[in-house]
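Remember, predicted model here, so these are calculated numbers, not experimental data. Numbers restart at 1 for each chain; the letters A, B, ... are given by sequence-line order, proteins then strands.
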Amino acid sequence: MDCCIQTRGLTKTYGKAAVVQSLDLAVPRGSVYGFLGPNGAGKTTTMKMLLGLVHPSAGTATVLGRQVTPRSHVQINARVGSLIESPSCYPHLTARENLEVVRSLRGLPASSIDEALAVVRLGHTGGKPVRAFSLGMRQRLGLAAALLGDPELLLLDEPTNGLDPAGIQEIRELIRSLPTERGCTVLVSSHLLSEVEQMSDYVGIINHGRMAWQGPLGELHARARRWLELRTTDNERAARLLGASCADGGWVRVRMRDDESVARMTMGLAREGIGIVRLEERHEDLEDIFIALTGTEASL
Amino acid sequence: MRASALRAELVKLHRAPIWAAFVLLPVVAAAIGTFNYMGNLAILQSGWFDLWTQHTLFSGMIFLHALIGASCSWLMGLEHRGTNWNQLMASPTGALRILASKLLVAWLMLGVGLAVTGVLFVGCGRFAGLPGLPGFGYVLWLVLAWVGGLASIACQLLVSLLIRNFAAPVGIAAIGGLVGFFAHAYDMGLAWPYALLVMALNSNGNGAVGAGQLMAFLASTVAFAGAFMMIATLVVAGTDVRTSS
Amino acid sequence: MRCLGLEFAKLRRKHVTLVVLAIVAATLAWLYADAHGEGAGSAVGWHSLFFAAPIMNSVFLSLLSSVVASRVVDVDHEADAWKQLLCLQGTGSLLLAKLACAMLVIGLAVALELVGIFSIGSAWKFFDQPALRSWGVLALSQVAASLCMVSIVGAVALVWESQFVAITCGLALSLAGLFSSFLPTALQRLVPSGYYTLLTTMRVDWGSGSGVPLFSEATLPVLDYALASAFSIAACLFAYVTFSRREI
């Protein structure tokens, strides 16, 4: 697999507390990788190590084919856009002037600013200093700074913080479109499962600094347990005959089977004079898998 | 287009004309110094040089250093705020270039301050009825003070990098300048970063930096400025980024 | 009282004590040099110290006042806490608590300085130690002048969020204060930091010709105290009015 980011045993400890432990992260090129975990799981610290902002205690990180070291990260970062923690800004400057700072540091053409402002729809803020911006507007400015100059890789740390519902939807769609429209790989962290599910095609679930699971979103769905539930004219007898449990709300729960055995089961019940009123296929949702993997609620 | 950390620093000065303070301070020094000079003509009889002393003695001893300290605090405080270090260090610009551009910006502002000092000196001298124009030596002193100021700027950038508080570095600068004044008085000026500016200004009439001392003066400036920038670069590049949110 | 405690709590780990110690130490170093010049057992040693201390203070204590004033105000700019605080406290009591907090810190600095002066004078065995009243007048004058500085710089710090403005203003005033004692009294009264010397009672006549300075103690300059108070009150009112009008 061609990976934009690959870490091996990446570890960060502060004193005795391990914030990130032996993390093996693999972000495939051209994907939107959802980095999911409860608050304080180590998402931000991991992203900071990928940018060279924090130095790992052990392990290595390779970003865009080069190992991140105190020397190399400056060159790597020329190809990486990022928004870590809350957006960085100089409050006494306008949106345009703030981007001017980033543009100068990255050595980009002047046109890149208008483009980035248009993408996040901040073109109208004119001479207003960022001090007077709402939380959502600052977040948009942070995104514009990250998008400046079409980077090959974007690291976005909870990018929808502080946005209103319409803004959240807009930004999710923007992120979703980045790989196809700009050929950009995105690592986006979130503590919201539903958000990751909407945006990403790869998922990494981190908990207490350790990777609990990572792989394509489809595979996560495939991990979901499936079963059948039926409602009959005599649930108790049906349950006894099928050796199944009687679930809440008057449903009988049975193991998932192939079509033939399901047909046999229904006919068998009919022979016993039990009528089948409903027959439904059920599966675990991602929320359940997430809780099973991390032991915490999906959205904190 | 080439990345320019200096350009980024200059953009940050938009809407925050902190260089204006480098105009204000010499104006206060010149106004009061001239007034004082004119009130004491009976004792002060060395003409231009007495006026020079009145204008520059105390600003060179404490206040110019404190102002340098305040500017460095401001320049570093910009980055200490919120998550700004993240953005700065995640850019493809190395720590040394970022710090060097801050050094340059502060140095330019000091240049403004010294230029204003020079202009006010001549203007006030004419106003006070001093004959002719001051000698070329004063220009040289100002230029040397500008050069020597690099050492105290580099030192203050390091101090403000380490101490995130605004005022404490200003106090350190003021005391540094004061110590510099005494270091110079006891002929140890070359060994103390803040003393170089004091030495060059020659406000106390201890004698200007002469041709014989020039190389030592420049070497000391370069050594101090270089060492402080090096330490600051190592601190920025070698430690984890700390954000304040 | 509770508000005052809160202000001190906010200053924790802000190194205020360190700044106080450093600035008092610088003042005392200077005074020590001055005492050194007088020589042991000097008859005018105490007078000289009492005369020099306010001049030093017009530089150092005015600097400290600016730093402390800007610090107690900025702590809430920094935390972006005004909107939260003003839901819980009135503007008046909040600003008053900040003023009181700054003045207590200044009071500490003045007390330390007086202890220092006493030690220096005693160490050099200066003749004829001043009466308690003189010490009291010196302390009062320095605290009153600092109140003036704290109010003015504090008001500036409230209006301009950047500490750079308040500190630069303090520096300019401090520089002006240094020279102000050489200005004619009428002009000196216009310089807030000039009150460090104006409010004291020690006067000197540089002994025209004889070369021996003649020290004398004047009566308490009531008019100057009134002016200094007026400056302080005006600055506080300005701060209160502009701040309570401003929408956060």
Side-chain angles (χ1 to χ4, degrees), chain A residues 12 14 44-45 47-57 69-71 73-94 96-112 127 129-131 138 142 145-146 148-149 151 155 157, chain B residues 1-21 71 73-102 104-105 166 230 232-245:
Chain A
K12 181 68 190 179
Y14 290 103
T44 301
T45 309
M47 292 175 115
K48 281 179 157 183
M49 285 194 277
L50 296 175
L51 288 164
L53 301 176
V54 163
H55 306 285
S57 311
T69 66
R71 280 177 181 281
H73 83 262
V74 170
Q75 285 126 34
I76 300 173
N77 286 347
R79 299 155 65 195
V80 182
S82 59
L83 167 55
I84 304 294
E85 294 170 302
S86 51
S88 306
C89 62
Y90 302 98
H92 66 289
L93 301 178
T94 63
R96 181 173 292 277
E97 285 164 341
N98 266 288
L99 292 182
E100 195 67 40
V101 169
V102 181
R103 181 180 84 81
S104 302
L105 288 170
R106 306 189 81 93
L108 298 169
S111 60
S112 54
V130 170
R131 183 185 296 126
R138 285 183 196 216
L148 212 59
L155 304 187
D157 191 9
Chain B
M1 200 181 142
R2 261 192 97 242
S4 163
L6 179 63
R7 210 175 154 279
E9 287 303 319
L10 292 175
V11 174
K12 292 174 200 171
L13 288 179
H14 282 199
R15 290 161 217 278
I18 65 164
W19 55 267
S71 314
S73 266
W74 190 83
L75 286 170
M76 297 311 286
L78 281 175
E79 318 305 343
H80 291 326
R81 207 186 168 102
T83 57
N84 289 0
W85 276 116
N86 280 347
Q87 188 178 69
L88 207 55
M89 297 310 292
S91 78
T93 311
L96 178 63
R97 283 181 59 198
I98 289 165
L99 289 165
S101 56
K102 288 195 182 289
L104 207 55
V105 166
F166 187 94
M230 188 101 81
T233 307
L234 288 177
V235 169
V236 172
T239 55
D240 292 348
V241 165
R242 255 192 324 136
T243 50
S244 48
S245 67

Counting only heavy atoms closer than 4.5 Å, note whether [X] contacts chain B via side chain, backbone, both or neither.
X: Ala146(A); value: neither
X: Glu97(A); value: both
X: Pro87(A); value: backbone

[atom1]/[X] to [atom2]/[Y] distance, rounded to the nearest 0.5 angstrom?
X: Leu104(B); Y: Leu10(B); atom1: CG; atom2: CG; value: 8.5 Å
X: Leu155(A); Y: Leu50(A); atom1: CG; atom2: CG; value: 6.0 Å
X: Gln87(B); Y: Leu51(A); atom1: CD; atom2: CG; value: 11.5 Å

Give every residue pair that meets the salt bridge (Lys or Arg N to Asp or Glu O under 4.0 Å) criterion with at least one member in residues 73-94 of chain B, sequence neighbours excluded.
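Passing the test, one end in residues 73-94 of chain B: Lys12(B)-Glu79(B), Glu79(B)-Lys102(B).
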
Sequence neighbours excluded - salt bridge (Lys or Arg N to Asp or Glu O under 4.0 Å) pairs with any residue from residues 74-83 of chain A:
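Listed once each, the pairs are Arg79(A)-Glu152(A).
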
Is it the backbone or the side chain of Ser101(B) that comes under 4.5 Å from a heavy atom of chain A, or both, or neither?
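Neither part.
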
Below 4.5 Å from any heavy atom of chain A, which atoms of Ala90(B) appear? Answer side chain, backbone, both or neither.
both

In terms of heavy-atom pairs under 4.5 Å with chain A, the winner among Val241(B), Asn84(B), Ile98(B) is Asn84(B)

Could you check which of Gly52(A), Cys89(A), Gly81(A), Pro70(A) has the highest count of heavy-atom pairs closer than 4.5 Å to chain B?
Cys89(A)

Exam field: side chain Ser88(A) to backbone Thr83(B), donor-acceptor pair closer than 3.5 Å:
yes

